[in-house]
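As structure tokens, the structure follows; a few thoughts come after it.
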Amino acid sequence: VSDRVSSTEYWQWPAMESDLTLDRVDTGELLSVLDASLLAYDVYDRVPTLLLSGGFESRLVAALLTRAGRPPTALTLRNPYEHFEIDGRFASRVAGELGLRHVIRDPDPHFFSTGKYLEYVRLHEVASTSVNLFIAQIASELQTAGVESSWDGFAFGSIVKSKSAK
């Protein structure tokens, strides 16, 4: 046992280009990378389910899937504890604008006292803590809604899959 701390750097963010402007970004290439990520979803499910929070990433995924002719079912879990439920209201507006089927689920007000929450903690909290504990309810609600796999933002390959999904 030592009282010394050591660290190892395995990778490094690329240096920022301070003179980079939008006219120097190949947005077509960026869109094709995003589209390729969307097509990779077919391995999991031909009928996309999108966790639509109203945030930038989920709006982008919704728009790209719709543009590709694969409109997702939008699934929103209300968050009544934060900002007057603005994310859920924004998600409803986005779903309406894109013509998406929108399923809105209300969280169990006693969720944090249930076995479902303890199961979440057992499976997830050891590796990384959840954001304001709200995210802990998502997996349980997906399972209750019968969703086997869903988009969760654009972390290239960030797909939530239930235990029952093949």
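Here the structure is a predicted model, which means the values were calculated and not measured.
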Any salt bridge linking Arg67 with Asp35? Criterion: basic side-chain nitrogen under 4.0 Å from a carboxylate oxygen.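 Yes.
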State which residues pass side-chain contact (heavy atoms from CB on, under 4.5 Å) with [X]; sequence neighbours excluded, sorted by chain then number.
{"X": "Thr66", "answer": "Pro71, Pro72, Leu98, Leu100"}
{"X": "Leu118", "answer": "none"}
{"X": "Asp19", "answer": "Glu17, Arg24"}
{"X": "Arg105", "answer": "Leu75, Leu77, Val103, Glu141, Thr144, Ala145"}

Mind listing the closest non-hydrogen atom pair of [X] and [Y] along with its distance?
{"X": "Arg59", "Y": "Phe90", "answer": "NH1-CE2, 2.6 Å"}
{"X": "Ala95", "Y": "Ala74", "answer": "CB-CB, 4.5 Å"}
{"X": "Ser53", "Y": "Ala91", "answer": "C-CB, 3.8 Å"}
{"X": "Arg70", "Y": "Leu39", "answer": "NH1-CD2, 3.8 Å"}
{"X": "Phe111", "Y": "Tyr117", "answer": "O-CB, 3.3 Å"}
{"X": "Ser58", "Y": "Leu52", "answer": "OG-CD1, 3.5 Å"}

Any link between [X] and [Y] through a network of hydrophobic side chains (Ile, Leu, Val, Met, Phe, Trp, Tyr) touching at under 4.5 Å?
{"X": "Phe56", "Y": "Leu64", "value": "yes"}
{"X": "Tyr10", "Y": "Trp13", "value": "yes"}
{"X": "Ile104", "Y": "Leu51", "value": "no"}

NE2 on His110 to CZ on Phe112, rounded to 0.5 Å: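 So the gap between those two atoms works out to 12.5 Å.
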Supply the atom-to-atom distance Glu29 CD to Leu34 CG, rounded to the nearest 0.5 angstrom.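 Atom-to-atom, Glu29:CD and Leu34:CG are 11.0 Å apart.
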Which residue, Leu65, Val61, Thr73, Leu38, forms the side chain to side chain contact (heavy atoms under 4.5 Å, CB included) with Pro48? Leu65
Which residue pairs pass the salt bridge (charged side-chain N to carboxylate O under 4.0 Å, His left out) test when at least one of the two sits in residues 91-104, sequence neighbours left out? none
Is there a donor-acceptor contact under 3.5 Å from the side chain of Ser92 to the main chain of Gly88? yes
If you define the side chain from C-beta out and look only at heavy atoms, does anything of Val25 sit under 4.5 Å from Leu20?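 Result yes, sub-4.5 Å side-chain heavy-atom pair found.
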Quick one: salt bridge (charged side-chain N to carboxylate O under 4.0 Å, His left out) partners of Asp23, sequence neighbours excluded? none
